[in-house]
There are 2 protein chains.
Amino acid sequence: MRAHELPEIRRLPLFRDMRHASFETLMQGAYAQTFPAGLELIRQGDPADFLHIVMEGAVELYSLWSDRECTMAVVQPVGSFILAACIRDAPYLMSARTLERSRLVLLPSSDVRAVFRTDPEFAVSVIGELAGCYRAVVRHAKGLKLRTSRERIASYLLRQSRLAGEVASYILPVEKRLLASYLGMTPENLSRALKTLEADGVKIDGTRVIITDRARLTALARPDQLIDGPDPDGSTAGVSLPPANVAGLRRGA
Amino acid sequence: MRAHELPEIRRLPLFRDMRHASFETLMQGAYAQTFPAGLELIRQGDPADFLHIVMEGAVELYSLWSDRECTMAVVQPVGSFILAACIRDAPYLMSARTLERSRLVLLPSSDVRAVFRTDPEFAVSVIGELAGCYRAVVRHAKGLKLRTSRERIASYLLRQSRLAGEVASYILPVEKRLLASYLGMTPENLSRALKTLEADGVKIDGTRVIITDRARLTALARPDQLIDGPDPDGSTAGVSLPPANVAGLRRGA
DNA sequence: AGCCCGCCTTGACCTGCATCAAGTTGCGTC
DNA sequence: GACGCAACTTGATGCAGGTCAAGGCGGGCT
């Protein structure tokens, strides 16, 4: 564990308000490690031994079933994942892999469970975090059930623009294949849909998104706070695709 | 509030372990009411003023977007709903309506939030409940993204059979239109798919389901604990369609 | 620099599922 | 028992999106 990492973890909403002693206890059992890109960190179905925290890099949460695979979320620094499985001492519902070289901190699940029973402040933070995660997944499910592919794409593009500060142009934060999987469609379909969306106010040039007619794109996407967020308090709770970079710098790769 | 209702609420996992005084406090602000069938209890987007508990009847949670609608879950006695919105003091993400004449207990959200801050045992229960809800929605999303319509139907039919005790025949606990919406398809498509599933080991006669070839149906559905549940500890956390009745008695209607 | 591999695109095709439009059944009501 | 409504079924049709197959582009490595 590096010196600067402890304060960074401490600043997370999940750990911000807990007692000092509790934090110490948790961090005693912690260990940090750097993993190469493309490594499977967690296999779905395995027992939830550790709460994972992403310090650097990016981690994809995905699910497998019967030779099919789909992306559920991407976790970026500094964020935690699979809190729910740790708490219930239940098998992971999702697998996780690094998208790039990543540094993680791992906390034994048993420690996490022990600490929130003795530190009410930490318990309250866990409640907030879980409630946020729950609402994020509900939003995702709503999008899948209520919107068509094109609408999901348009909403995503607008949401990323909003997260970057209502910019008219930005760089996609993830590979298109991953985006397609997250949005519940094939890469081919995403590619074609992006092309046809040029008639609806957005131009895609490689990884760059240029919103040419925001009103038109908005009319198609019909963004809704109850699907696209954010929650009034603004916390995203880490279960979604990462925010876009404003400048031309490409994340990862 | 009726005399027998307090103990029933107290028996819920969410309230079972809290301090007596906390329970008293919560129940002082509670009020119970009976609603007719088909009444909108909650409109998505409204502020989360009350935690709802279903004492009798059944409540559908559904979502609306742009003249489309989909069922997210059905809550049956004795279960609570929209805990996450209450905790975050955020707008409801889903609407709720009674499916039949139902009796509900309503607890002011502010009381819930206040109590879990002062009663660590209650906080722990809330954590467990939220983690369960989160995992239930993740499962639902996985099913939507990884399985085809036919596979979702087959899985659902097998799951209901399991919940009823591996019976070969049972009555559908909900209307088919609602089931279709829950499974993410149109009623027409459900109707047709059920017909074609007769070649795969299950016969549907009205509301009765008869599994004629469990092996064959299982081969199609490829049930998976990480999608269909249950979690090892068995708690369903109330976010799913209700279990089937074993006997010939029809729920609701 | 050149090569190679993986991501992305494009095309052709086709399946699954939605949509629209009638029926039909079942059930509660009068 | 007849009526009427709502749920369900069935049919015809169309389109969204999946699948399969073949390039093209770009970035990283030797």
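Residue numbers begin at 1 in each chain, while the letters A, B, ... track the order of the sequences. From a predicted model like this one, the values you see are computed outputs, not experimental measurements.
With sequence neighbours left out, the side-chain hydrogen bond (donor to acceptor under 3.5 Å, both in side chains) criterion links Arg214(B) to Ser161(B), Glu166(B). The side chain to side chain contact (heavy atoms under 4.5 Å, CB included) test applied to Ala221(B) returns Ala154(B), Ser155(B), Leu158(B), Pro223(B), not counting sequence neighbours. Residues meeting the salt bridge (charged side-chain N to carboxylate O under 4.0 Å, His left out) test with Arg222(A), sequence neighbours left out: Glu151(A). Every residue two or more places apart in sequence or in another chain was checked for a salt bridge (charged side-chain N to carboxylate O under 4.0 Å, His left out) with Asp224(A), and none qualifies. For Thr34(B), the side-chain hydrogen bond (donor to acceptor under 3.5 Å, both in side chains) partners two or more places apart in sequence, or in a different chain, are Arg103(B).
Atom P of nucleotide dA6(D) and atom CG of Leu99(B) are separated by 17 Å, given to the nearest angstrom. Between the NZ atom of Lys145(A) and the P atom of dC17(C) there is a distance of 15 Å, given to the nearest Å. The interatomic distance linking Leu144(A) (CG) with dC17(C) (C1') rounds to 16 Å, in whole Å. The distance between atom CG of Leu172(A) and atom P of dT9(C), rounded to the nearest whole Å, is 10 Å. Distance, Ile171(B) CD1 to dG26(C) P: 14 Å, rounded to whole Å. When the P atom of dC8(C) is taken as reference, atom CD1 of Ile204(A) falls 13 Å away, rounded to whole Å. With rounding to whole Å, Glu175(A) atom CD is found 12 Å from dG26(D) atom C1'. Following rounding to the nearest Å, Ile153(A) (CD1) and dC8(C) (C1') show an atom-to-atom distance of 14 Å.
Distances shown here put a side-chain N or O of Lys195(B) below 4.0 Å from the OP1 or OP2 atom of dT10(D). An OP1 or OP2 oxygen of dT9(C) is reached within less than 4.0 angstrom by a side-chain nitrogen or oxygen of Lys176(A).
For the helix from dC8(C)-dG23(D) to dC30(C)-dG1(D), the rotation axes defined at the first and last 5 base pairs enclose an angle of 40°, given to the nearest 10°.
The closest side-chain donor-acceptor pair between Lys145(A) and His140(A), if any, does not fall under 3.5 angstrom.
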task = Quick one, give me the B/S/- string for nucleotides 16-21 of chain D, reading 5' to 3', where B means a protein heavy atom under 4.0 Å from the base and S means that only happens at the primed atoms, P, OP1 or OP2.
result = -SSBB-
Under 3.5 Å, side-chain donor or acceptor atoms of residues 39-53 of chain B against the rest of the protein: list the pairs with distances, not counting sequence neighbours.
residue	atom	partner	partner atom	Å
Glu40(B)	OE1	Arg43(B)	NE	3.4
Glu40(B)	OE1	Arg43(B)	NH2	3.1
Gln44(B)	OE1	Leu64(B)	N	2.9
Gln44(B)	NE2	Leu64(B)	O	2.7
His52(B)	ND1	Phe50(B)	O	3.0

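The list of side chain to side chain donor-acceptor pair (under 3.5 Å) pairs with a residue in residues 185-198 of chain A, not counting sequence neighbours, reads Arg150(A)-Thr196(A).
A distance of 9.5 Å separates CG in Leu104(B) from OH in Tyr31(B), rounded to the nearest 0.5 Å.
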